[in-house]
There are 2 protein chains.
Amino acid sequence: MSLPEDPPLGLRERKKRATRDALADTALRMAAERGLEEVTVEAVTAEVGVSVRTFFNYFGHLDDAILVADPDGTERVRRAITGSTAGGTTLSVLREALSAELTHIEEGHGRWELQCTVLEHTPSLFPRFLAARGADEQALIAAVAERLGVGVDTDLRPRLLVHTTLAAVRAAVELWTATGRARPLKAFYDEAFTELATALQG
Amino acid sequence: MSLPEDPPLGLRERKKRATRDALADTALRMAAERGLEEVTVEAVTAEVGVSVRTFFNYFGHLDDAILVADPDGTERVRRAITGSTAGGTTLSVLREALSAELTHIEEGHGRWELQCTVLEHTPSLFPRFLAARGADEQALIAAVAERLGVGVDTDLRPRLLVHTTLAAVRAAVELWTATGRARPLKAFYDEAFTELATALQG
DNA sequence: TGCAAAAATGCACGCCATGCAAATTCACCC
DNA sequence: GGGTGAATTTGCATGGCGTGCATTTTTGCA
């Protein structure tokens with residue numbers, strides 16, 4: 001169940017995407033298997049069958065290839081935000097969209113599991129992982145702004161709502177990991193919103 | 001008005017700190033003056049008067065030296081969290097501590113202004129800037145956990161409260177910057193908490 | 001088939017970052 | 001004040017990273 005691409009991409013574009021995906025997938029898999037330190041750009045390109053120089057046409061750094069987000073996930077969330085015509089506050093829509101994505105992740109889909117493996121073995125990579133999520137963040141903010149019908153640079157709310165929801169995601173994921181996945185990720189996530197409401201009322 | 005150091009540091013420790021500070025200050029100043037791309041580790045060490053190898057004894061990357069936080073600020077916030085015996089919720093203490101720090105920053109103290117100059121000229125550095133703030137984040141979480149008397153890995157609240165407060169900080173700073181500092185930073189910050197309360201109640 | 005644009009490639013270059021062993025500096029104590 | 005051991009600095013060598021540029025190959029389209 002892949003997402004439908006709007007225009008039927010030409011051969012050129014399809015090949016580019018295939019190469020990019022192959023590089024990202026190979027880099028991530030190799031890093032998960034043998035550890036980040038044992039992976040070189042040369043080894044990745046050798047397995048994919050392109051030149052080293054080509055790698056750097058697609059990614060600025062080796063880490064970028066390993067840490068790029070699952071593009072499907074980004075698109076799913078965006079559509080959930082802008083497409084939902086149902087009622088409810090913007091925050092609840094945002095909360096639900098991310099909740100669905102967390103479930104998707106918890107079930108082992110996407111690149112998440114492999115990325116976690118790499119991060120466990122190389123904690124120093126974690127800040128860069130968060131940094132790589134910055135792109136998703138901007139996309140989220142733009143989607144929320146679109147839904148609210150305001151500009152990202154004139155209204156505080158899009159940024160605030162996204163950052164706050166991601167705060168809940170972060171806290172939930174961190175504790176989920178720290179407790180050895182003692183409870184379902186979604187339980188921590190829901191608890192976060194409950195605690196948040198309490199903290200802001202008292 | 002520097003912070004009092006508890007033990008009267010020996011010559012060795014003082015020299016180490018002086019070298020570290022000189023490297024960080026020089027790297028940041030050079031980057032602000034001539035742009036990050038024009039700064040090399042060699043140039044920094046030449047000006048400070050140490051070897052290149054010594055630089056890497058203190059910092060893992062050139063960026064690290066540029067993006068390290070003002071240690072005084074980190075310490076100020078930590079003391080505000082753990083030291084305050086006044087009433088109020090943990091969130092309000094946290095909110096107030098960060099508010100004071102924002103004021104301090106807005107008045108042009110610390111490394112903030114120079115770092116902003118570098119970031120404006122090199123936006124690609126911004127994610128790494130946020131990543132560098134990760135250390136502060138951990139310190140904050142630990143301080144809040146101490147105040148609450150709970151463990152960081154067993155209770156959701158320390159992480160949640162810190163991440164949420166930082167969400168408000170982030171949204172406020174981003175909009176403050178995006179609007180060309182149309183209003184005081186603190187105004188955006190306070191509005192963020194107001195909006196937050198509204199969003200979570202509705 | 002032939003042409004123009006886009007992409008991939010090879011090469012050169014400088015910087016980054018680390019390990020290791022030798023030299024230097026510091027703290028401590030006689 | 002001089003000697004001793006530990007901490008720190010340093011030079012050197014090494015390998016990978018990341019980029020600019022000119023060239024070759026591939027693709028889209030007429």
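Chain identifiers are assigned alphabetically (A, B, ...) following the order of the sequence lines, protein sequences preceding nucleic acid strands; residue numbering begins at 1 within each chain.
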With sequence neighbours excluded, tell me which residues meet side chain to side chain contact (heavy atoms under 4.5 Å, CB included) with B:Ala187.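 For B:Ala187 the side chain to side chain contact (heavy atoms under 4.5 Å, CB included) partners, ignoring immediate neighbours, are B:Arg183, B:Pro184.
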Sequence neighbours excluded, which residues qualify as ring pair (Phe, Tyr, Trp, His ring centres under 6.0 Å) partners of A:Phe55?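 Counting only residues at least two positions away or on another chain, A:Phe55 forms a ring pair (Phe, Tyr, Trp, His ring centres under 6.0 Å) with A:Phe59.
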Please give, in whole Å, the distance from [N] [atom2] to [X] [atom1]?
X: B:Asp64; N: C:dA17; atom1: CG; atom2: C1'; answer: 12 Å
X: B:Phe56; N: D:dA13; atom1: CZ; atom2: C1'; answer: 15 Å
X: A:Arg17; N: C:dA8; atom1: CZ; atom2: P; answer: 14 Å
X: A:Phe55; N: D:dT19; atom1: CZ; atom2: P; answer: 11 Å
X: A:Leu62; N: D:dG16; atom1: CG; atom2: C1'; answer: 10 Å
X: B:Asp63; N: D:dG18; atom1: CG; atom2: C1'; answer: 13 Å

Should A:His61 be listed as having a side-chain N or O under 4.0 Å from OP1 or OP2 of D:dC17?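 The answer is no; no side-chain N or O of A:His61 sits under 4.0 Å from OP1 or OP2.
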Please give me every residue in residues 27-46 of chain B whose heavy atoms get under 4.0 Å of an atom in DNA chain D, ordered by residue number.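 Those residues whose heavy atoms fall under 4.0 Å from DNA chain D, taken from residues 27-46 of chain B, amount to none.
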Contact letters for nucleotides 5-12 of chain D, in which S counts primed atoms plus P, OP1 and OP2 and B counts the base, heavy atoms under 4.0 Å: -BBSBBBB
Mind checking the CZ-CG spacing from B:Arg157 to B:Leu160? Nearest 0.5 Å is all I need.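 Going from the CZ atom of B:Arg157 to the CG atom of B:Leu160 covers 10.0 Å.
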Rounded to the nearest 0.5 Å, what's the gap from CD1 on B:Ile66 to CG on B:Leu114? Could you check?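 Atom-to-atom, B:Ile66:CD1 and B:Leu114:CG are 11.0 Å apart.
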Using residues 35-46 of chain B as the side-chain source, report each donor-acceptor pair under 3.5 Å to any protein atom, sequence neighbours left out, with the distance given to one decimal.
residue : atom : partner : partner atom : Å
B:Thr40 : OG1  : B:Ala43 : N            : 3.1
B:Thr45 : OG1  : B:Val41 : O            : 3.1
B:Thr45 : OG1  : B:Glu42 : O            : 2.9

Name all pairs fulfilling the salt bridge (Lys or Arg N to Asp or Glu O under 4.0 Å) condition that reach into residues 165-174 of chain A, sequence neighbours left out, sorted by first residue then second.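 Pairs touching residues 165-174 of chain A that pass the test: A:Glu137-A:Arg170, A:Glu174-B:Arg159.
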Judged by modelled atom types alone, do B:His61 and B:Arg128 share a side-chain donor-acceptor pair under 3.5 Å?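 Judged by distance alone, the side chains do not pair up.
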N-O pairing of B:Asp70 and B:Arg111 below 4.0 Å: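 Salt bridge absent between B:Asp70 and B:Arg111.
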